[in-house]
Amino acid sequence: MVISMERWHGKVAVVTGASAGIGASIAEHLVKHGMKVVGLARRVELIEENAKKLIGEKGELHGIKTDMTKPEEITNAFKMIEDQYGPIHVLVNNAGTIEFTSLSDGEVEDWKKTFDLNVIGLCVATRDAVRSMKNSNIDGHIIHINSISGHYPVQCAGVNVYSATKYAVTALTNDLRVELVEAGTKIKVTSISPDLTVTDLARRFHTDIDNMAALKAEDIAEACVYVLSTPPHVQVHEMMIRPVGSRF
Ligand SMILES: NC(=O)c1ccc[n+]([C@@H]2O[C@H](COP(=O)([O-])OP(=O)(O)OC[C@H]3O[C@@H](n4cnc5c(N)ncnc54)[C@H](OP(=O)(O)O)[C@@H]3O)[C@@H](O)[C@H]2O)c1
């Protein structure tokens with residue numbers, strides 16, 4: 001199998017939640033592999049700071065301020081991307097949140113916020129990216145940043161509704177794959193499911209994370225590069241990544 005990022009050189013990749021953590025690292029890696037990356041997040045100033053650090057690399061990074069819980073903002077951002085940078089070849093659905101909540105005593109607002117971002121935002125971005133790919137006849141690639149929590153119940157208090165959203169991502173990955181085949185496209189879809197990864201999100205739950213077995217954001221970014229590098233006929237459907245010594 002010939003592994004190469006060459007076919008993506010100069011092409012547009014959208015990374016949601018590119019202002020921090022795993023998304024920031026994915027954006028950086030894709031720029032270094034020559035892609036024109038547009039990052040979507042509320043803290044667009046963080047993406048712009050990273051863009052300055054990446055000047056001189058093979059690709060480029062741009063940011064568009066977008067609240068991924070607001071469908072109309074997502075669709076406007078995708079329109080701007082097509083107008084300014086061209087049709088979309090790669091979408092990485094990375095933006096996600098964990099609201100620490102309880103099933104027996106939690107707030108509906110926290111549950112809705114988690115579903116709005118982790119599930120509905122992902123669906124809207126996917127729809128808009130697939131429309132762009134189909135309109136321009138592009139054999140693109142959609143990557144969902146899922147979680148081990150999307151495959152079995154992880155023993156971690158408070159991540160109940162989060163797990164439900166990630167189980168939804170597991171189902172949506174296969175649903176999308178089948179839809180894309182039935183539509184006669186060669187667009188790929190991949191779910192990447194990390195175990196504990198050192199980011200701001202994980203630190204909120206594990207204050208002792210520096211003493212735990214954990215992945216780095218760049219481990220997930222490198223996995224993204226790998227799945228994108230596979231030949232056109234090869235589709236990595238699911239990639240679960242654990243740190244050696246994981247307790248989950
Ligand atoms: N860290 C882990 O242990 C771990 C493990 C498995 C899976 N994951 C998954 O990996 C993905 C990234 O998580 P992370 O750990 O890198 O988290 P993080 O460091 O908290 O970063 C989250 C990113 O999502 C963006 N985001 C949050 N709410 C948003 C909103 N309403 N609109 C737009 N963007 C929003 C944030 O940007 P703004 O705040 O600037 O909007 C930020 O860029 C998530 O899907 C998460 O479920 C993480």
Side-chain angles (χ1 to χ4, degrees), residues 14-29 37-50 61 63-78 91-100 109-110 112-122 124-126 143-152 154 156 158-159 161-170 172-173 191-210 212-221 223-224 238-243 246-248:
V14 178
V15 180
T16 72
S19 60
I22 293 170
S25 186
I26 293 170
E28 179 188 330
H29 277 67
V37 179
V38 184
L40 308 182
R42 294 164 303 178
R43 291 170 296 166
V44 73
E45 63 283 358
L46 297 182
I47 301 176
E48 284 159 359
E49 274 170 34
N50 288 340
L61 176 61
I64 298 179
K65 186 176 166 64
T66 313
D67 184 338
M68 293 295 301
T69 63
K70 303 212 165 104
E72 64 289 355
E73 280 194 29
I74 302 171
T75 296
N76 284 341
F78 275 80
L91 166 67
V92 184
N93 276 309
N94 162 80
T97 187
I98 303 181
E99 301 303 315
F100 191 88
E109 271 317 300
D110 286 333
K112 278 193 173 164
K113 198 172 157 189
T114 314
F115 268 95
D116 281 348
L117 181 61
N118 298 8
V119 180
I120 305 297
L122 172 145
V124 175
T126 301
I143 299 174
H144 295 331
I145 303 301
N146 194 341
S147 166
I148 54 169
S149 313
H151 299 276
Y152 65 95
V154 172
C156 185
V159 303
V161 172
Y162 173 77
S163 292
T165 64
K166 293 300 189 180
Y167 264 79
V169 173
T170 299
L172 290 166
T173 303
S191 155
I192 295 179
S193 300
D195 195 315
L196 184 66
T197 307
V198 181
T199 64
D200 295 345
L201 179 103
R203 275 190 198 285
R204 288 200 341 247
F205 283 81
H206 303 286
T207 46
D208 58 339
I209 195 167
D210 294 325
M212 296 171 72
L215 298 160
K216 296 179 186 143
E218 60 251 42
D219 298 325
I220 314 308
C224 271
E238 173 61 49
M239 186 189 275
M240 188 181 283
I241 313 172
R242 293 179 178 289
S246 169
R247 73 177 197 202
F248 294 112

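One-based numbering, in listed order, for ligands and for the atoms of each. Any value given below was found using the heavy atoms of this structure, including those in side chains, with hydrogens, waters and symmetry copies removed.
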Within the structure provided, determine whether L172 and V119 are in side-chain contact (heavy-atom separation under 4.5 Å). yes
N or O pair under 3.5 Å between S147 and ligand 1: no
Of all the atoms in ligand 1, which lie at a distance below 4.0 Å from a heavy atom belonging to G17? 23 (C), 24 (O), 25 (C), 42 (C), 43 (O)
Enter the distance from K216:NZ to S25:OG here, rounded to the nearest 0.5 Å. 11.0 Å
Nearest-contact summary for atom 18 (P) of ligand 1 - protein heavy atom, Å: L201 CB, 3.8 Å
With a 4.0 Å cut-off on heavy atoms, is K113 in contact with ligand 1? no
Below 3.5 angstrom, do we get any N/O pair linking P194 and ligand 1? no
Protein contact of atom 43 (O) of ligand 1 - nearest heavy atom, named by residue and atom, plus distance: S19 OG, 2.8 Å
Side chain, backbone, both or neither: which part of N146 has a heavy atom under 4.0 Å from ligand 1? backbone
Under 3.5 Å donor-acceptor, Y167 side chain and Y162 backbone: no
R242 side chain vs I148 backbone, donor-acceptor pair below 3.5 Å: no
Once you restrict to heavy atoms under 4.0 Å, what part of T16 touches ligand 1? Side chain, backbone, both or neither. neither
Checking N146, I98, T114 against K166 for side chain to side chain contact (heavy atoms under 4.5 Å, CB included), the one that qualifies is N146
For residues F78 and V14, determine if any side-chain heavy atom of one lies less than 4.5 Å from a side-chain heavy atom of the other. yes
L196 N/O under 3.5 Å from ligand 1 N/O: no
closest protein heavy atom to atom 48 (C) of ligand 1 is I22 CD1, 3.8 Å
At what distance, to the nearest 0.5 angstrom, does CE of M212 lie from CG of L196? 5.0 Å
Starting from atom 31 (N) of ligand 1, which protein heavy atom do you reach first, and at what distance in Å? D67 OD1, 3.0 Å
My understanding is that only one of T173, I143, N93 makes a side chain to side chain contact (heavy atoms under 4.5 Å, CB included) with S191; could you say which? T173
Checking S19 side chain against L46 main chain: does a donor-acceptor pair fall under 3.5 Å? no
Pairwise side-chain contact, V198 with H206, heavy-atom cut-off 4.5 Å (strictly under): no
Hey, looking at atom 4 (C) of ligand 1, which of V169, T199, D200, D195 has the closest heavy atom? D195
Can you tell which of A214, A95, G96 gets a heavy atom nearest to atom 22 (C) of ligand 1? G96
Once you round to the nearest 0.5 Å, how far does CD1 of I220 lie from NE2 of H29? 10.5 Å
Can you tell me if L46 contacts ligand 1 (heavy atom of the residue under 4.0 Å from the ligand)? no
Suppose I only count heavy atoms of A20 and a 4.0 Å limit; which atoms of ligand 1 are within that range? 43 (O)
Does even one non-hydrogen atom of I148 get within less than 4.0 Å of ligand 1? no
Protein residue, atom and distance nearest to atom 44 (C) of ligand 1, heavy-atom basis: N94 O, 3.2 Å
Quick one: nearest non-hydrogen protein atom to atom 32 (N) of ligand 1, plus distance? M68 N, 2.8 Å
Only heavy atoms of G21, strictly under 4.0 Å: list the atoms of ligand 1 that pass. 16 (O), 19 (O)
So, 4.0 Å and heavy atoms of L117: is ligand 1 close enough to count as a contact? yes
Numbered atoms of ligand 1 (with element) below 4.0 Å of A202, judged on heavy atoms: 1 (N), 3 (O)
Closest candidate by heavy atom, reference atom 1 (N) of ligand 1, pool V92, T66, I145, T197: T197
Any heavy-atom pair between the side chains of C224 and I145 that's under 4.5 Å? yes
Counting each atom of ligand 1 from 1 as listed, which ones have a heavy atom of T69 under 4.0 Å away? 31 (N)
Quick one: nearest non-hydrogen protein atom to atom 8 (N) of ligand 1, plus distance? Y162 OH, 3.7 Å
Using 0.5 Å steps for rounding, measure from the NE2 atom of H151 to the OG atom of S193. 3.0 Å
Looking only at protein heavy atoms, identify the closest one to atom 39 (O) of ligand 1 and say how far it is in Å. R42 NH2, 2.9 Å
Check R247 with D195, please: is the shortest side-chain N to carboxylate O separation under 4.0 Å? no
Establish, from distance only, whether the side-chain atoms of D219 and T197 form a donor-acceptor pair under 3.5 Å. no
